[in-house]
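Note that the structure is a prediction, hence the values are computed from the model and not measured.
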Amino acid sequence: DERKQNAACACAVQVGSFSDPANRCEGLAHYCEHMIFLGSQKYPGEAEFEEFLSENGGYSNAFTECEYTCYYFEVNRAALHQALDMFGQLFKAPLFTKDSSSRELQAIESEFQKKRHSD
């Protein structure tokens with residue numbers, strides 16, 4: 001529709017917290033949710049996708065449920081094709097670097113502690 005200024009895309013993956021290995025790696029799906037946005041082989045910049053979206057009036061986010069994880073973004077319609085390529089590459093060949101891994105594990109622990117204290 002030519003009148004629309006923004007476009008959006010979502011990808012739901014049929015892996016959620018119920019898929020985490022019991023007593024070995026709870027939080028794995030949530031960890032992957034954090035890590036997936038941090039670069040791919042084709043677009044290795046850790047913030048490359050988010051910067052592209054921001055420069056084109058968009059954003060991304062994700063959430064992990066019990067049975068699935070949903071990743072999504074919104075962007076200016078004119079930038080959709082490039083955003084789709086970047087988004088797809090995050091799933092095809094994510095980087096999961098050591099530096100990012102340590103930082104994201106701390107971020108997840110922080111989220112967990114905040115939620116734990118609010119219950």
Side-chain angles (χ1 to χ4, degrees):
D1 186 344
E2 293 297 320
R3 296 170 292 161
K4 304 294 183 192
Q5 296 299 311
N6 292 335
C9 177
C11 178
V13 179
Q14 195 175 356
V15 175
S17 59
F18 284 174
S19 299
D20 292 345
N23 301 317
R24 290 193 357 242
C25 199
E26 283 86 2
L28 182 60
H30 189 198
Y31 169 76
C32 289
E33 172 203 317
H34 279 246
M35 292 297 294
I36 204 86
F37 284 120
L38 300 178
S40 67
Q41 287 180 3
K42 185 173 179 181
Y43 302 101
E46 191 173 290
E48 195 166 350
F49 182 55
E50 200 59 44
E51 288 170 357
F52 177 82
L53 294 177
S54 182
E55 289 167 2
N56 289 282
Y59 65 92
S60 67
N61 209 339
F63 57 91
T64 301
E65 294 290 336
C66 295
E67 296 181 348
Y68 67 92
T69 303
C70 183
Y71 304 86
Y72 59 94
F73 72 87
E74 184 175 314
V75 69
N76 181 294
R77 183 172 54 96
L80 178 61
H81 291 287
Q82 178 66 32
L84 285 170
D85 184 52
M86 296 175 89
F87 188 62
Q89 291 297 319
L90 295 171
F91 296 93
K92 182 179 177 184
L95 291 184
F96 283 55
T97 67
K98 193 173 187 174
D99 289 341
S100 298
S101 178
S102 298
R103 190 174 55 255
E104 293 307 313
L105 285 172
Q106 290 176 357
I108 291 167
E109 179 63 23
S110 177
E111 284 180 24
F112 174 74
Q113 292 302 328
K114 285 179 188 176
K115 285 183 181 182
R116 193 173 126 207
H117 292 299
S118 69
D119 286 342

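Counting only heavy atoms from C-beta outward, the side chains of Cys32 and Thr69 never approach each other to under 4.5 Å. Side chains of Ser17 and Cys66 form a contact here, defined as non-hydrogen atoms less than 4.5 Å apart. Put simply, the side chain of Glu48 reaches to within 4.5 Å of the side chain of Met86, judged on heavy atoms. Side-chain contact between Leu90 and Ser40: present, with at least one pair of heavy atoms (C-beta onward) separated by less than 4.5 Å.
Judged purely by atom type and a 3.5 angstrom limit, Asn76 uses its side chain to pair as donor or acceptor with the backbone of Ala78.
Screening residues 22-40 for salt bridge (charged side-chain N to carboxylate O under 4.0 Å, His left out) gives no qualifying pairs among residues at least two apart or on separate chains. Residues in residues 78-89 take part in these side chain to side chain donor-acceptor pair (under 3.5 Å) pairs, two or more places apart or across chains: Lys42-Asp85, Tyr43-Gln82, Tyr43-Asp85.
Residues satisfying the side-chain contact (heavy atoms from CB on, under 4.5 Å) test with Tyr59, not counting sequence neighbours, are Glu50, Tyr72, Glu74. Glu46 pairs by the side-chain hydrogen bond (donor to acceptor under 3.5 Å, both in side chains) definition with Ser100, Arg103, not counting sequence neighbours. Residues that satisfy the ring-ring contact (aromatic ring centres under 6.0 Å, His included) test with Phe37, not counting sequence neighbours, are Tyr71. With sequence neighbours excluded, the residues that form a side-chain contact (heavy atoms from CB on, under 4.5 Å) with Leu105 are Tyr31, Ser101. Contacts of Leu95 classified as side-chain contact (heavy atoms from CB on, under 4.5 Å), with partners at least two apart in sequence or in another chain: Gln41, Pro44, Thr97. Residues passing the side-chain contact (heavy atoms from CB on, under 4.5 Å) test with Glu65 are Phe63, Tyr68, sequence neighbours excluded.
Criterion: ILVMFWY side-chain heavy atoms under 4.5 Å apart, direct or through other members. Under it, Leu38 and Phe96 are part of a common hydrophobic cluster. Linking Ile, Leu, Val, Met, Phe, Trp and Tyr whenever their side-chain heavy atoms come within less than 4.5 Å leaves Ile108 and Phe18 in two separate clusters.
For Thr64 against Gly16, the heavy-atom pair with the smallest separation is CG2-CA, 4.2 Å. Of all heavy-atom pairs between Asp20 and Ala29, the closest is OD1-N, 2.9 Å.
The CZ atom of Phe73 sits 11.0 Å away from atom CG of Asn6, with the distance rounded to the nearest 0.5 Å. Taking CD1 from Ile36 and SG from Cys11, the interatomic distance works out to 9.0 Å, rounded to the nearest 0.5 Å.
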